[in-house]
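Accompanying notes for the structure given below.
Atoms considered below: every heavy atom in the structure, side chains included; atoms not considered: hydrogens, waters and symmetry mates. Every chain is numbered from 1 and lettered A, B, ... according to where its sequence line falls, protein lines coming before strand lines.
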Number of protein chains: 2
Amino acid sequence: MTRTAAQRRAEEKAAYNAFFAACPSRQLLDRISDKWVVLVLCALGEGAEDGSPRTLRYSELARRIAGVSPKMLTQTLRSLEQDGLVTRTVVPTVPVTVSYALTDLGSSLHGLTRSLRAWAQDHMDAVLAHRATAGRAAGGGS
Amino acid sequence: MTRTAAQRRAEEKAAYNAFFAACPSRQLLDRISDKWVVLVLCALGEGAEDGSPRTLRYSELARRIAGVSPKMLTQTLRSLEQDGLVTRTVVPTVPVTVSYALTDLGSSLHGLTRSLRAWAQDHMDAVLAHRATAGRAAGGGS
DNA sequence: CAGCATCCCTTCTGATACTG
DNA sequence: CAGTATCAGAAGGGATGCTG
């Protein structure tokens with residue numbers, strides 16, 4: 001059981017492994033593997049590569065991400081805020097104004113979510129084609 | 001790259017856009033934004049960059065992805081097979097043997113899932129730190 | 001070994017309605 | 001505008017038992 005400090009450090013460095021059920025990274029993976037998370041990060045990150053924060057208001061996000069209910073949008077934003085991926089800024093104007101923006105951490109994930117969205121759009125036809133042929137290859141079908 | 005505004009409009013209109021609720025790519029995005037999908041693709045794709053298919057048996061997958069129930073594993077594999085991301089090969093040995101492997105389509109997504117898993121593992125500490133400070137920011141920290 | 005079927009509980013998610 | 005609260009239905013997901 002005796003381990004050197006170097007060994008222990010190396011172990012801690014590779015400590016997180018999403019293949020392990022008990023690993024916290026599994027939960028994190030579950031969180032970011034979410035339709036709304038991907039779309040929110042995509043919306044907030046679009047056009048922000050140049051460094052401009054691209055802050056979006058709550059209603060702007062809701063408009064951009066068609067079909068999202070206020071509940072899910074709020075829930076998603078809250079979890080992202082808690083995890084340090086987005087910032088929430090409240091401006092106490094008369095009709096209160098709330099704007100959201102990506103943090104550096106969020107930006108680092110945005111690239112992936114954008115690719116994910118792009119993949120879904122780019123390969124939609126291929127998947128659709130496969131679904132159409134699937135199931136009839138086995139001769140099954142009543 | 002010179003495109004008229006009309007051409008660009010037509011192109012955007014025709015393309016899949018996950019921001020639209022009715023767009024099929026929204027459903028596809030929802031499908032691939034799944035914990036088990038990510039882990040299965042990660043498991044099947046590991047070490048397959050050189051072209052070796054890296055086929056895994058059902059039980060091997062189950063062992064690798066700790067904590068997955070047979071139900072979820074089968075369900076995930078079926079959906080991936082239907083969408084043309086993995087192939088399912090049955091070898092009629094006495095104890096029947098079933099192996100799974102990524103298709104080209106699946107391989108194209110594997111890079112993203114691997115990055116996703118890596119992101120979760122790499123930024124776990126940062127997220128954990130943020131969660132710890134979240135909520136107590138208003139009352140000062142300890 | 002590799003599933004499928006079933007039960008059953010939990011979580012998620014989407015309307016709807018209401019508030020500061 | 002930017003949420004919050006509540007409810008009901010849908011889906012997720014585990015445990016168990018059973019096949020080929």
Under 4.0 Å between a side-chain N/O of [X] and OP1 or OP2 of [N], yes or no?
X: A:Y58; N: D:dT4; answer: no
X: A:R88; N: D:dG3; answer: yes
X: B:R78; N: C:dG3; answer: yes
X: A:T97; N: D:dC1; answer: no

### Summary
Hits for salt bridge (charged side-chain N to carboxylate O under 4.0 Å, His left out) against B:R26, two or more places apart or cross-chain, chain-then-number order -> none
### Query
Taking CE from B:M72 and P from C:dC4, how many angstroms apart are they, rounded to a whole number?
13 Å
### Which residue lies more 5' along DNA chain D, comparing B:P70 with A:R63 via nearest heavy atoms
A:R63
### Message
Any residue in residues 33-43 of chain B with a heavy atom nearer than 4.0 angstrom to DNA chain C? Just list them by number, or reply none.
### Response
none
### Donor-acceptor pair, side chain of A:S25 and main chain of A:A18, under 3.5 angstrom
yes
### Query
Taking the side chain of B:Q75 as heavy atoms from C-beta outward, which of C:dT13, C:dA2, D:dG12 is closest to it?
D:dG12
### Summary
Out of C:dA2, D:dA2, D:dG13, minimum distance to the side chain of B:R57 belongs to C:dA2
## Note on the structure
Tightest non-hydrogen contact, residues A:A21 and B:A66, listed as CB-O, 3.6 Å
### Task
Would you kindly confirm whether B:W119 and A:F20 end up in one hydrophobic cluster when ILVMFWY residues are joined by side chain heavy atoms under 4.5 Å apart?
no
### Task
Is it possible for you to say whether A:V91 and A:V86 belong to one hydrophobic cluster, with membership spreading through side-chain heavy-atom contacts below 4.5 Å?
no
### Task
Indicate whether the side chain of B:R117 and that of B:Q121 have a donor and an acceptor atom separated by less than 3.5 Å.
yes
